[in-house]
There are 2 protein chains.
Amino acid sequence: MRTRGSQCWRGKFQGGGYRFTKPRELILGVLAKSKKHLSAEDIFFSVHKIYSNIGLTTVYRNLELLVDMGTVSKFNFGDGKANYELSESESGAEHHHHLVCQKCQKVIDYADFMDAEKEFLSKIEKGLSKKYKFQIQDHIIHFYGICGQCQSK
Amino acid sequence: MRTRGSQCWRGKFQGGGYRFTKPRELILGVLAKSKKHLSAEDIFFSVHKIYSNIGLTTVYRNLELLVDMGTVSKFNFGDGKANYELSESESGAEHHHHLVCQKCQKVIDYADFMDAEKEFLSKIEKGLSKKYKFQIQDHIIHFYGICGQCQSK
DNA sequence: CTCCTTATTGATAATGATTGTCATTATCAA
DNA sequence: TTGATAATGACAATCATTATCAATAAGGAG
Ligand SMILES: [Mn+2]
Ligand SMILES: [Mn+2]
Ligand SMILES: [Zn+2]
Ligand SMILES: [Zn+2]
């Protein structure tokens, strides 16, 4: 999945009847570069360095749009603010889940054991959608605990 | 796990050096009675009916304490407010997970397929704690999608 | 390229959930 | 019963997120 310049993103916006604006380009740029989970404020500051006109409101608005478009994933790790990352389909990254440290709030991505997970999920999703008539679109798996650094203290 | 009156709870508080107060008794009472996930405000209103002196601040404070004590579990289903339920060890309820409808925000508990889950988790937790030196204490599994009622619309 | 429609922006105010302050009250060990 | 002090409740403050609205700029038509 090559991204030739940002023309790829332009098309995604225009295909949906949206305009491709500088704030949108820059927000996506920040998300694409960072391999971490960024808050709206994080993104605002990053963009602000190179485009000091950006408004925090615009960041929120576009993150919401990007989540709706399926381009960005939104997470709540329990610290009161939402975190965003490019969704796997966009970033070319593997599907992954999260380890959340309850001491330092650090979040570790992991993509191991995905075979075991895939097997588990396909089994369970089928059963659940049958029993509860629930059409599953997505899932979240978070493990909470203590990270290595926090253990040695 | 019988709860003879509320003496069981009294002991839990006093064991930790805390006092057993009326607000605490009533908050736990509401949580124990309800089989749903309640917000702080929900709990406030429920308690308020029978004890109109209660303050919302007190509800928040005690929910935090109860979460720290492990008596209550706190969830974020993505609607901006936290939800609380008696933790399984307290309620005697089975371990369960959640189906979250993205249309109507309804949350369905499910406790099916726990064998498959147990197998999956034990496999994965072992691997993760080894590879990432991460000491897992808890996990959350949420499925997002469309509930039966919302599908027929 | 220029013009025009209107989607989008950014400043600002508003909201809603949660937390901090502090004087008053009530728990419970002695 | 009493006293030390944990806990409460009213209130103000904070923090993340949303709503408003006039000004701006994207991009299709000509
Ligand atoms: Mn991630
Ligand atoms: Mn539940
Ligand atoms: Zn840590
Ligand atoms: Zn629904």
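Just so it is clear: chains get the letters A, B, ... in the order the sequence lines come, proteins before strands, and each one is counted from 1.
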*Asks:* Using the side-chain heavy atoms of A:T57, tell me which of these nucleotides is nearest: D:dC21, C:dT12, D:dT8.
*Replies:* C:dT12

*Asks:* Please determine, for the side chain of B:T21, which listed nucleotide (C:dC28, D:dT8, D:dG9) has the closest atom?
*Replies:*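 Side chain of B:T21 sits closest to D:dT8.
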
*Asks:* In whole angstroms, how far is the C1' atom of D:dA7 from the CD atom of B:E64?
*Replies:* 14 Å

*Asks:* Determine the contact category for A:R24: base if any of its heavy atoms lies under 4.0 Å from a base atom, sugar-phosphate if only primed atoms, P, OP1 or OP2 are that close, otherwise nothing.
*Replies:*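 Result for A:R24 = sugar-phosphate.
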
*Asks:* Counting heavy atoms from C-beta on, name the nucleotide in C:dC28, D:dT8, C:dT18 closest to the side chain of B:A82.
*Replies:* C:dT18

*Asks:* For B:H98 and B:Y110: C-alpha separation, side-chain torsions, deciding distance, then whether ring-ring contact (aromatic ring centres under 6.0 Å, His included) applies.
*Replies:* CA-CA 6 Å; B:H98 298 115; B:Y110 76 87; 7.9 Å; no

*Asks:* At their closest point, which heavy atom of A:D42 faces which heavy atom of A:H37, and how far apart are they?
*Replies:* OD2-O, 4.3 Å

*Asks:* Distance check needed: D:dA25 C1' versus A:Y18 OH, whole Å only.
*Replies:* 19 Å

*Asks:* Atom CG of B:N62 and atom P of D:dG9: how far apart are they, to the nearest Å?
*Replies:* 9 Å

*Asks:* Which nucleotide in the list D:dT17, C:dT9, C:dT6 gets nearest to the side chain of A:R19?
*Replies:*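 In terms of side-chain proximity for A:R19, the closest of D:dT17, C:dT9, C:dT6 is C:dT6.
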
*Asks:* With sugar-phosphate meaning primed atoms plus P, OP1 and OP2, does B:F13 contact a base, only sugar-phosphate, or nothing at under 4.0 Å between heavy atoms?
*Replies:* nothing

*Asks:* State whether B:Y84 places a side-chain N or O below 4.0 Å from either non-bridging phosphate oxygen (OP1 or OP2) of C:dT18.
*Replies:*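 No, because none of the side-chain N or O atoms of B:Y84 sits under 4.0 Å from OP1 or OP2 of C:dT18.
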
*Asks:* C:dT9 P sits how many Å from A:N53 CG, rounded?
*Replies:* 12 Å

*Asks:* Hey, do the aromatic rings of A:H139 and A:H97 have their centres closer than 6.0 Å?
*Replies:*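 Close enough - the centres of the two rings lie under 6.0 Å apart.
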
*Asks:* Who is the Watson-Crick or G-U wobble partner of C:dT25, with both distances under 3.5 Å?
*Replies:*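 Across all strands, the one nucleotide that pairs with C:dT25 is D:dA6.
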
*Asks:* In whole angstrom, give the distance that lies between atom CD of A:E25 and atom P of D:dG27.
*Replies:*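 Distance, rounded to whole Å: 11 Å.
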
*Asks:* Counting only side-chain heavy atoms from C-beta out, which of D:dT8, D:dG27, C:dT18 sits nearest to B:K81?
*Replies:*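 Nearest to the side-chain atoms of B:K81, counting from C-beta on, is C:dT18.
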
*Asks:* Could you state the atom-to-atom distance from CG of A:L56 to C1' of C:dA13 in whole Å?
*Replies:* 14 Å

*Asks:* B:F44 CZ to D:dA10 P: how many Å, rounded?
*Replies:* 8 Å

*Asks:* In whole Å, I'd like the distance from the OH atom of B:Y60 to the P atom of D:dG9.
*Replies:*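 Value for this atom pair: 15 Å.
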
*Asks:* Say whether A:Y60 and A:F44 are linked into one hydrophobic cluster, either directly or through other cluster members, by side-chain heavy-atom distances under 4.5 angstrom.
*Replies:*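 Yes: a chain of side-chain contacts under 4.5 Å links A:Y60 to A:F44.
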
*Asks:* So for A:R10 and D:dG27, does any side-chain atom that can act as donor or acceptor lie under 3.5 Å from a complementary atom in the base?
*Replies:*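 A donor-acceptor contact between them is absent.
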
*Asks:* Determine, for B:K12 against B:E90, whether the closest basic-nitrogen to carboxylate-oxygen distance falls under 4.0 angstrom.
*Replies:*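 Looking at B:E90 together with B:K12, the answer is yes, because their closest N to O distance falls below 4.0 Å.
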
*Asks:* So, does the side chain of B:R61 form a donor-acceptor pair with the base of C:dG20 at under 3.5 Å?
*Replies:* no

